[in-house]
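Letters A, B, ... are given to chains in the order of the sequence lines, protein chains preceding strands, and every chain is numbered from 1.
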2 protein chains.
Amino acid sequence: MSNCNQCIVKQFNALKTLSKDELVRVSNCKTSRTIKKGETIFEEGEMINGIYCIKDGVCKLSKLSPNGRAQIVKLVVKGDLLGQRSLIGKESANLSAIALNDMEVCFIPKREIVDDLSKNPEFCHSMLEQMANDLRESDNIIVNMAQKSVRNRIADILIYMFENFGENEEGFLAIHFSREDYANLVGTATESAIRIMSQFKKEGLISTSGKWIKIENLQKLKSIE
Amino acid sequence: MSNCNQCIVKQFNALKTLSKDELVRVSNCKTSRTIKKGETIFEEGEMINGIYCIKDGVCKLSKLSPNGRAQIVKLVVKGDLLGQRSLIGKESANLSAIALNDMEVCFIPKREIVDDLSKNPEFCHSMLEQMANDLRESDNIIVNMAQKSVRNRIADILIYMFENFGENEEGFLAIHFSREDYANLVGTATESAIRIMSQFKKEGLISTSGKWIKIENLQKLKSIE
DNA sequence: ATTAAAACATGACAAATATCATAGTATATT
DNA sequence: AATATACTATGATATTTGTCATGTTTTAAT
């Protein structure tokens, strides 16, 4: 059983505010788990009785809309906590979480950590900070969804990918997302996403090799209005 | 100087978790204020050094998009706290707040209340609950914006208005929003909002008298996909 | 009551995006 | 290496939504 106290990943989330004693308790109750690409971690409507600390990998939080398409609301990455809202109230998950690549996560049962929210003000405050950030981001996404063109949103998401996941040795985006995932991120049809990317290729903004995408002209991509 | 302890409005927000002593302190530092319809409470980018407790009235939280249109992200109503995120971190406001009708608010300076977040776990937890709710709502809005048609979103917002603000004696929606506000709520052009409402009138879903809107067939409105 | 300003309404058209069909290409599996 | 499967790509077309122009109605101010 590995020790949370020595885990580097917790530095990036609210768990860093827990005391040594609290971390010992968490270490003893947590379960480590490997999740394969494409696997569902939890589904909307499900009760999640705890939080996941992401040690490695990326997952999408998405929701099925009435028209049958999925909308990705947020990407959860290494260092993030997943399922924070399960600690507050008794509601079931509002979103589904699906792994976008192979992941390593630790699951901490709610009952073992929920009391820390009321007993450790620092922990509560740190959760609040994270939540406030998420809220600001979500609000910004609403504005973009409502006001920007699909072309614009595709450009934005490509920039986001570049800035958050970087590039591999050959200069391609270091993480692979299907075109459908891109479409679901920006809220458009898969064909539209592909079409716009093809357009970007013709304009020299990006290039592709199979499923891999390379950002060729970040400045120009950023200047798309 | 009125006493927060006796204020009914605080029952609806995190202030209810404050102790009597804390409330006395808040009572002594708060400033009551009347805000006229159309007046700006704060603007995006501005530093707000405190929170507003809404005693009466409604305001919109909106953000200007690059294309020059405003997007309304949230409506803040009687009983709500406004500017909660100002208590966390030092960032400036991400959204502008503008009164939609005459309002009565109390302003509580940040310095007088920020310590309660770390000293009163209940208060912190209550803020967390509110924030978690806001986040869930925002996530749902993202999905709707991205996946539903404008027609569908207009229907949704009319239902929302009916269910949240009710009707007056003559059966009209008890609160007046301009067609532009409706458009900014659902993220469309004002003309499109007007056009779709005209369509709804022809279909007998709503009727209007001047600026006032009456919901004529809620069931059918709800069944719009 | 009159007038100015704001809000509402609608037509004509353009642009953006979705949908359906179909085909090519890459990837993983055997 | 062959094959099935999933993914990417693109054309044709329909639908939705935005934009511009213009007119009408309502509201507010004098």
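- Going from atom NE2 of A:H176 over to atom CG of A:D181 covers 7.5 Å, rounded to the nearest 0.5 Å.
- Note on A:R179 versus A:E191: no salt bridge recorded, every NZ/NE/NH1/NH2 to OD/OE distance being 4.0 Å or above.
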* To do: Determine, stepwise, if the pair A:M197 / A:I206 fulfils side-chain contact (heavy atoms from CB on, under 4.5 Å).
  => CA-CA 8 Å; A:M197 287 192 192; A:I206 64 173; 4.1 Å; yes
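- Between B:E39 and B:K60, none of the side-chain N atoms (NZ, or NE/NH1/NH2) sits under 4.0 Å from a carboxylate O, so this pair counts as no salt bridge.
- Remark: side-chain polar atoms of A:T34 are not paired, donor with acceptor, to backbone N or O of A:E104 under 3.5 angstrom.
- For the pair B:E180 and B:R69, the salt-bridge criterion is not met [side-chain N within less than 4.0 Å of a carboxylate O].
- Atoms CD1 (B:I154) and C1' (C:dA9) sit 14 Å apart, rounded to a whole Å.
- Annotation: the terminal axes of the helix from C:dA1-D:dT30 to C:dT30-D:dA1 meet at 50°, where each axis is the rotation carrying the C1' atoms of four end pairs onto the next four (5 pairs per end, rounded to 10°).
- Of the residues in residues 172-179 of chain A, A:H176, A:S178, A:R179 come within less than 4.0 Å of DNA chain D through at least one heavy atom, sorted by number.
- The pair A:K148-A:D156 counts as a salt bridge, with a side-chain nitrogen and a carboxylate oxygen less than 4.0 angstrom apart.
- A salt bridge links A:R136 with B:E91: the closest approach of a Lys/Arg side-chain nitrogen to an acidic carboxylate oxygen falls below 4.0 angstrom.
- In summary, contact between chain A and DNA chain D, defined as any nucleotide atom under 4.0 Å from a heavy atom of the protein, begins and ends at D:dT8 to D:dA12 in the 5' to 3' direction.
- For NZ of B:K16, the number of neighbouring non-hydrogen atoms (other residues, nucleotides, ligands) closer than 6.0 Å is greater than 12.
- A:F162 meets the ring-ring contact (aromatic ring centres under 6.0 Å, His included) test with no other residue; sequence neighbours excluded.
- Ionic pairing of A:R85 and B:E129 is not present here: no N-O contact between side-chain nitrogen and carboxylate oxygen is shorter than 4.0 angstrom.
- Using a distance-only test at 3.5 Å, with no hydrogens or angles considered, no donor-acceptor pair links the side chain of B:D102 to the main chain of B:K36.
- For the pair B:E191 CD and C:dA7 C1', the interatomic distance rounds to 12 Å; values are reported in whole Å.
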Filtered N/O pairs between nucleotides 25-30 of chain C and protein, under 3.5 Å:
none

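- Side chains of A:K55 and A:C7 form a contact here, defined as non-hydrogen atoms less than 4.5 Å apart.
- Checked by atom type and distance alone, the side chain of B:N94 never pairs as donor or acceptor with a backbone atom of A:D139 at under 3.5 Å.
- Open room surrounds NZ on B:K78; 12 or fewer heavy atoms of other groups in view lie less than 6.0 Å from it.
- A:I194 has its CD1 atom 14 Å from the C1' atom of C:dA21, to the nearest Å.
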Quick one: which protein N/O atoms are closer than 3.5 Å to N/O atoms of nucleotides 15-18 of chain C? Pair and distance per line, please.
from, atom 1, to, atom 2, distance (Å)
C:dT17, OP1, A:V150, N, 2.8
C:dA18, OP1, A:T188, OG1, 3.4
C:dA18, OP2, A:T188, OG1, 2.3
C:dA18, OP2, A:A189, N, 3.4
C:dA18, OP2, A:S192, OG, 2.8

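- Phosphate proximity of C:dT10 to B:S198: present, with a side-chain N or O under 4.0 Å from OP1 or OP2.
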